[in-house]
Engineer: 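My questions all concern the structure below.
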Amino acid sequence: MSEEHHESLMEKISDKIHGHDSSSSSSDDEAHHNKVVDHGGAMPSSAHVPPPEVVPEAEVSAVSSPPSSSSMKSNVFRLFGRQQPVHKVLGGGKPADVFLWRNKKISATVLSVATVIWFLFELLEYHLLTLFCHILIFSLSVLFLWSNASSFINKSPPRIPDVHIPENALLEFASALRSEINRSLAVLRDIASGKDLKKFLAVIAGLWVVSVVGTWFNFLTLVYLLFVLLHTVPVLYEKYEDQVDAFAEKASLELKKHYAVVNEKVASKIPRGAPKDKKLA
């Protein structure tokens with residue numbers, strides 16, 4: 001009996017100890033919760049927080065990025081409707097560099113040589129065959145004397161380069177010339193067929209201007225003037241491109257107005273052939 005009483009007494013003591021621990025832990029949790037509520041206010045629930053608004057990347061880029069300069073330039077009027085820079089219009093490469101004075105020494109040298117040739121043929125009235133023979137006589141005489149006198153003056157003889165025309169370059173030039181001639185013939189055939197009145201009038205006006213200018217100068221002077229224009233007009237146009245294009249736009253609008261008047265008064269009154277349906281009927 002005493003042992004049973006002793007075990008029951010020990011169980012009651014342990015129960016009281018466990019109950020006191022659980023009550024103290026719950027009271028600590030409540031106190032900590034009350035402190036959090038007092039200092040930070042009510043604890044927000046994550047379920048009530050609205051998600052951030054997602055903006056599509058396309059709209060962000062459309063709003064943030066301004067229109068590109070290339071798209072703005074494409075809408076600007078350009079002379080002769082060109083879409084490429086002046087350097088590419090002239091064919092690119094070394095010829096375009098010469099015409100646009102990318103290397104001033106080379107461009108000045110080429111223009112000076114052309115001026116000397118024009119001066120010799122036009123003002124001094126040299127003939128091509130005579131000038132060619134005189135140049136060969138002078139060059140061969142200098143090289144011959146230098147080669148024979150080098151042993152007496154203790155100097156090395158002149159190094160005469162081995163000059164030859166490559167076959168590929170000659171074939172490419174001939175092919176390019178043939179394609180340009182065929183293209184010009186196709187354009188003339190298209191104009192003569194009467195399909196485009198505007199192109200016909202432009203070609204007739206151009207040929208008439210060339211014929212008038214041809215009465216003022218001979219062929220050599222005309223070629224020299226064209227060569228000088230190629231060395232001056234493109235580089236000036238590239239420098240003042242915006243101003244020239246603005247003036248050309250105004251002139252183009254005026255020409256279109258006059259062309260519309262001429263087309264309405266003259267071209268519309270020209271009799272044309274009957275349609276094919278009526279001919280077959």
Side-chain angles (χ1 to χ4, degrees), residues 68-124 126 128 131-132 135-136 138-139 158-187 202-203 206-207 209-210 213-214 216-252:
S68 60
S69 59
S70 61
S71 61
M72 294 177 64
K73 288 183 178 180
S74 61
N75 297 327
V76 178
F77 177 85
R78 294 301 181 191
L79 192 61
F80 303 118
R82 64 179 183 85
Q83 300 294 332
Q84 296 178 342
V86 182
H87 190 270
K88 290 187 177 180
V89 172
L90 293 176
K94 293 183 179 180
D97 293 339
V98 172
F99 292 142
L100 295 176
W101 292 75
R102 294 288 191 264
N103 191 330
K104 294 182 179 180
K105 292 183 179 180
I106 296 177
S107 300
T109 302
V110 172
L111 189 58
S112 300
V113 170
T115 304
V116 170
I117 292 174
W118 174 81
F119 180 80
L120 291 174
F121 285 107
E122 185 63 23
L123 298 182
L124 298 183
Y126 252 95
L128 179 61
L131 179 63
F132 183 72
I135 291 174
L136 281 179
F138 178 77
S139 302
R159 296 181 179 179
I160 302 174
D162 185 11
V163 180
H164 64 280
I165 300 176
E167 183 179 0
N168 294 331
L170 185 61
L171 292 177
E172 289 178 359
F173 175 77
S175 177
L177 182 62
R178 181 184 63 84
S179 62
E180 290 296 328
I181 292 175
N182 291 335
R183 188 170 65 87
S184 301
L185 293 176
V187 171
V203 171
L207 291 175
V209 170
V210 172
V213 174
W216 300 341
F217 310 100
N218 57 16
F219 181 73
L220 180 62
T221 303
L222 186 60
V223 171
Y224 174 70
L225 290 176
L226 291 176
F227 193 78
V228 173
L229 289 176
L230 283 174
H231 278 77
T232 54
V233 173
V235 66
L236 292 175
Y237 172 69
E238 189 181 38
K239 186 176 181 180
Y240 304 101
E241 182 177 357
D242 296 333
Q243 294 86 340
V244 174
D245 287 339
F247 178 78
E249 184 178 9
K250 295 179 181 179
S252 177

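Just so you know, these numbers come straight off a predicted model, no measurement behind them.
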Engineer: Do H231 and V110 touch side chain to side chain, with heavy atoms closer than 4.5 Å?
Structural biologist: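 H231 reaches V110 side chain to side chain.
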Engineer: Tell me if a side-chain donor or acceptor on W118 pairs with a main-chain N or O of L220 at a distance below 3.5 Å.
Structural biologist: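 Checking the backbone N and O of L220 against the side chain of W118, no donor-acceptor pair under 3.5 Å is found.
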Engineer: How many angstroms lie between atom CD of E238 and atom CD of E241, to the nearest 0.5 angstrom?
Structural biologist: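 So the gap between those two atoms works out to 7.5 Å.
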Engineer: Not counting sequence neighbours, list each pair that qualifies as a ring pair (Phe, Tyr, Trp, His ring centres under 6.0 Å) and has a residue in residues 162-185.
Structural biologist: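 Ring pair (Phe, Tyr, Trp, His ring centres under 6.0 Å) check on residues 162-185 returns no pairs.
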Engineer: Quick check: are there more than 12 heavy atoms from other residues, nucleotides or ligands sitting under 6.0 Å from CD1 of I165?
Structural biologist: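 Check fails, neighbour count at 12 or below.
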Engineer: Let me see the working for T232 and W101 under side chain to side chain contact (heavy atoms under 4.5 Å, CB included), right down to the final yes or no.
Structural biologist: CA-CA 9 Å; T232 54; W101 292 75; 5.8 Å; no
Engineer: From L136 CG over to L131 CG, what is the distance, rounded to the nearest 0.5 angstrom?
Structural biologist: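 So the CG of L136 and the CG of L131 are separated by 9.5 Å.
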Engineer: Kindly indicate whether the side chain of N103, heavy atoms from C-beta on, has any atom under 4.5 Å from the side chain of D97.
Structural biologist: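 Sidechains of D97 and N103: no contact.
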Engineer: Indicate whether the side chain of T221 and that of N218 have a donor and an acceptor atom separated by less than 3.5 Å.
Structural biologist: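 Yes - a donor-acceptor pair under 3.5 Å links their side chains.
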Engineer: Side-chain contact test, heavy atoms from C-beta onward, threshold under 4.5 Å: evaluate it for L229 versus F99 and give yes or no.
Structural biologist: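 Counting from C-beta outward, L229 and F99 never come under 4.5 Å.
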Engineer: If you count heavy atoms of other groups shown closer than 6.0 angstrom to CD of E167, is the number above 12?
Structural biologist: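 Not more than 12 within 6.0 Å, no.
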Engineer: Would you say Y224 and I117 make side-chain contact, with heavy atoms under 4.5 Å?
Structural biologist: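 Counting from C-beta outward, Y224 and I117 never come under 4.5 Å.
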Engineer: Counting only N and O atoms by type, is there a donor-acceptor contact under 3.5 Å from the side chain of T109 to the main-chain atoms of K105?
Structural biologist: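 Answer holds: yes.
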Engineer: Does S179 reach the main-chain N or O of A176 with its side chain, forming a donor-acceptor pair under 3.5 Å?
Structural biologist: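 Confirmed, S179 side chain pairs with A176 backbone.
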Engineer: Please find the pair of heavy atoms, one from T115 and one from L111, that lie closest to each other, and give the distance.
Structural biologist: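 Answer, listing the atom of T115 first, then L111: OG1-O, 2.7 Å.
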Engineer: Can you confirm whether N182 sits close enough to R178 that some side-chain heavy atom of one is under 4.5 Å from a side-chain heavy atom of the other?
Structural biologist: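 N182 vs R178: side chains touch.
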Engineer: Could you check whether atom OH of Y126 has more than 12 heavy atoms from other residues, nucleotides or ligands sitting under 6.0 Å from it?
Structural biologist: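 It does not: Y126 OH has 12 such atoms or fewer within range.
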